[in-house]
Amino acid sequence: MVESPDWNPEQPLGKFFPPMRNDLILRAARGEETERAPVWVMRQAGRYLPGKYCPHKFRAVRAEHDFFEICRTPSLACEITLQPIRRYLGLVDAAIIFSDILVVPQAMGMEVLMNPAPFFPAPLNTPADIVRLREHVDVHKELGYVFAAITRTRHGLRGEVPLIGFCGAPWTLFSYMIEGGGSKTLQKAKTWLFKYPQESKALLARIADICVDFLVGQVDAGAQLLQVFDSWAGELSPHDFTEFALPPLQHIVISVRARLAENHLPAVPLILFAKGANAPSSLATAAATGFDVLGLDWCVVPEDVRTAAPRRALQGNLDPTRLYGGREAIENGVRHMCAAFRVGGRPPKGWIANLGHGITPGVDPDDLKWFFECVHKYSASGVMP
Ligand SMILES: Cc1c2[nH]c(c1CCC(=O)O)Cc1[nH]c(c(CCC(=O)O)c1C)Cc1[nH]c(c(CCC(=O)O)c1C)Cc1[nH]c(c(C)c1CCC(=O)O)C2
């Protein structure tokens with residue numbers, strides 16, 4: 001059974017982890033054929049589960065701590081990460097560490113509050129504000145709590161499923177740092193791109209450098225796959241995506257791989273979720289950066305992606321809102337998805353089943369269970385969906 005290990009901050013847990021019992025997602029990420037599609041869902045830790053984070057502890061914990069305090073407390077982050085794994089044991093094939101993409105802007109010296117949506121009291125208004133950012137970011141000092149949570153969670157998982165580490169993509173983080181929160185048009189962030197292209201590129205590169213250190217540190221701590229969330233990629237024209245968002249992503253892939261090799265760390269699979277970057281040219285350029293897996297939203301047809309980006313493993317892509325449609329709608333959606341990702345009647349190859357974006361807080365946890373069960377049934381080798 002997966003459980004939170006005893007925690008003594010004076011004696012950090014070692015990095016000899018229990019052997020893996022389920023490596024389905026690692027095989028699919030490498031493009032291999034699997035007996036069924038591995039499945040997990042983005043944002044599976046927390047939001048929709050009863051008591052949100054911890055069934056017994058949540059109310060007391062949440063009354064006293066804010067969201068980022070929970071992220072900074074490895075015992076709590078670990079517990080919340082394990083919660084869906086326990087609940088869906090045998091059905092879900094990966095855990096994702098409980099944290100947030102906005103810990104990177106915090107590490108760069110920006111204040112970020114969560115009330116309940118992200119809010120930056122002092123966003124970057126013009127390039128002159130860049131001086132407010134920390135010049136050198138030591139990720140071990142600023143984000144060591146994420147590394148501690150990952151190591152602890154690897155122990156707690158007992159080898160049940162692999163653990164995914166993550167970060168936000170430079171373009172998405174840049175947007176938050178300038179907009180100061182969510183935005184419908186990204187007018188401020190785009191004004192930077194178009195008015196101050198050189199300063200924008202320099203800031204994107206600076207964010208990318210921190211992402212590299214952060215991702216390498218996560219693998220060192222025990223993460224077995226890495227996902228980069230570019231949630232706002234689809235807000236850019238294909239041309240601007242290629243000009244602004246891609247170079248820092250390319251830098252991340254090249255540098256993470258090089259640093260992992262240099263440090264004798266495992267060459268873990270890298271997943272890019274560039275939501276909405278669905279133009280064939282964007283898919284092709286994203287694939288060319290060298291990410292092993294492309295995460296897809298529900299607005300693309302897998303066959304079109306395979307044409308634009310052959311030889312890449314794919315992840316996705318059920319519309320998350322379908323989970324509100326009841327059992328039949330979920331089953332039909334999964335059947336259709338399984339048929340769309342499989343070539344003919346062959347076993348799934350290089351496909352990780354997932355939603356096309358994060359699960360939302362109102363979903364009934366039993367309907368998510370049904371989603372997992374349907375994926376197991378209809379993606380199985382020998383079954384025609
Ligand atoms: C854009 C983005 C953010 N955070 C993230 C993204 C990229 C994915 C995406 O596009 O959805 C990524 C993220 N955020 C969180 C995780 C944890 C792991 C997981 O379960 O996938 C991950 C991978 C926890 C969280 N991050 C947040 C919560 C809810 C906080 C709360 O309940 O108080 C959780 C569990 C808060 C958050 N964090 C963010 C927003 C917009 C919000 C508020 C709205 C929301 O609830 O999603 C920024």
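Sequence positions, counted from 1, serve as the residue numbers for this chain. Indexing begins at 1, ligand by ligand and atom by atom, following the structure's order.
- Of all the heavy atoms of Q44, the ones lying under 4.0 Å from any atom of ligand 1 belong exclusively to the backbone.
- Heavy-atom contacts of S231 reach the following atoms of ligand 1: 1 (C), 7 (C), 8 (C), 9 (C), 10 (O) (cutoff under 4.0 Å).
- Below 4.0 Å from some heavy atom of S99 lie the following atoms of ligand 1, by number and element: 14 (N), 15 (C), 16 (C), 17 (C), 24 (C).
- Looking at N115, D230, T81, I101 and measuring to atom 2 (C) of ligand 1, the nearest heavy atom belongs to I101.
- When only interatomic distances are considered, the shortest N/O to N/O separation between A45 and ligand 1 falls below 3.5 Å.
- Relative to atom 25 (C) of ligand 1, the option among Q227, R43, K275 with the closest non-hydrogen atom is R43.
- Residue-ligand proximity: G182 is placed with every non-hydrogen atom at 4.0 Å or more from ligand 1.
- Residue contacts with ligand 1: G358 is excluded, as none of its non-hydrogen atoms falls under 4.0 Å.
- Those atoms of ligand 1 that come under 4.0 Å of a heavy atom in I96, given as number and element, are 18 (C), 19 (C), 20 (O), 21 (O), 23 (C).
- At a 4.0 Å cut-off, at least one heavy atom of I97 sits close enough to ligand 1 to count as contact.
- Close N/O approach between T172 and ligand 1 is not found [any backbone or side-chain N/O within under 3.5 Å].
- A side-chain donor-acceptor contact under 3.5 Å links D209 and H251.
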With a cut-off of 3.5 Å and sequence neighbours excluded, list every side-chain donor-acceptor pair involving residues 89-98.
residue: D93; atom: OD1; partner: N22; partner atom: ND2; Å: 2.8
residue: D93; atom: OD1; partner: R36; partner atom: NH2; Å: 3.0
residue: D93; atom: OD2; partner: R36; partner atom: NH1; Å: 2.9
residue: D93; atom: OD2; partner: V39; partner atom: N; Å: 2.8

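- For E111, there are no side-chain hydrogen bond (donor to acceptor under 3.5 Å, both in side chains) partners at least two apart in sequence or on another chain.
- Taking a cutoff of 4.0 Å between a charged side-chain nitrogen and a carboxylate oxygen, E33 and K349 do not qualify as a salt bridge.
- Taking the six-membered ring where the residue is Trp, F120 and Y176 present parallel rings, their angle staying beneath 30° rather than reaching 60°.
- By the criterion of a heavy-atom distance under 4.0 Å, neither the backbone nor the side chain of F273 is placed next to ligand 1.
- Short contacts between ligand 1 and M114, defined as distances under 4.0 Å to a heavy atom of the residue, involve ligand atoms 36 (C), 37 (C), 38 (N).
- For Y176, the heavy-atom gap to ligand 1 drops under 4.0 angstrom.
- A salt bridge links R86 with E79: the closest approach of a Lys/Arg side-chain nitrogen to an acidic carboxylate oxygen falls below 4.0 angstrom.
- Here is the list of ligand 1 atoms found below 4.0 Å of a heavy atom in P118: 39 (C), 40 (C), 41 (C), 42 (C), 43 (C).
- Comment: R322 does not engage D319 in a salt bridge, judged by the lack of any side-chain N to carboxylate O separation of less than 4.0 angstrom.
- At a threshold of 4.5 Å between non-hydrogen side-chain atoms, the residues I271 and F291 do not count as touching.
- Look at H357 and you'll find a heavy atom under 4.0 Å from some atom of ligand 1.
- Taking the six-membered ring where the residue is Trp, F341 and W351 present parallel rings, their angle staying beneath 30° rather than reaching 60°.
- Residues L265 and R259 are not in side-chain contact: their nearest non-hydrogen atoms beyond the backbone lie 4.5 Å or more apart.
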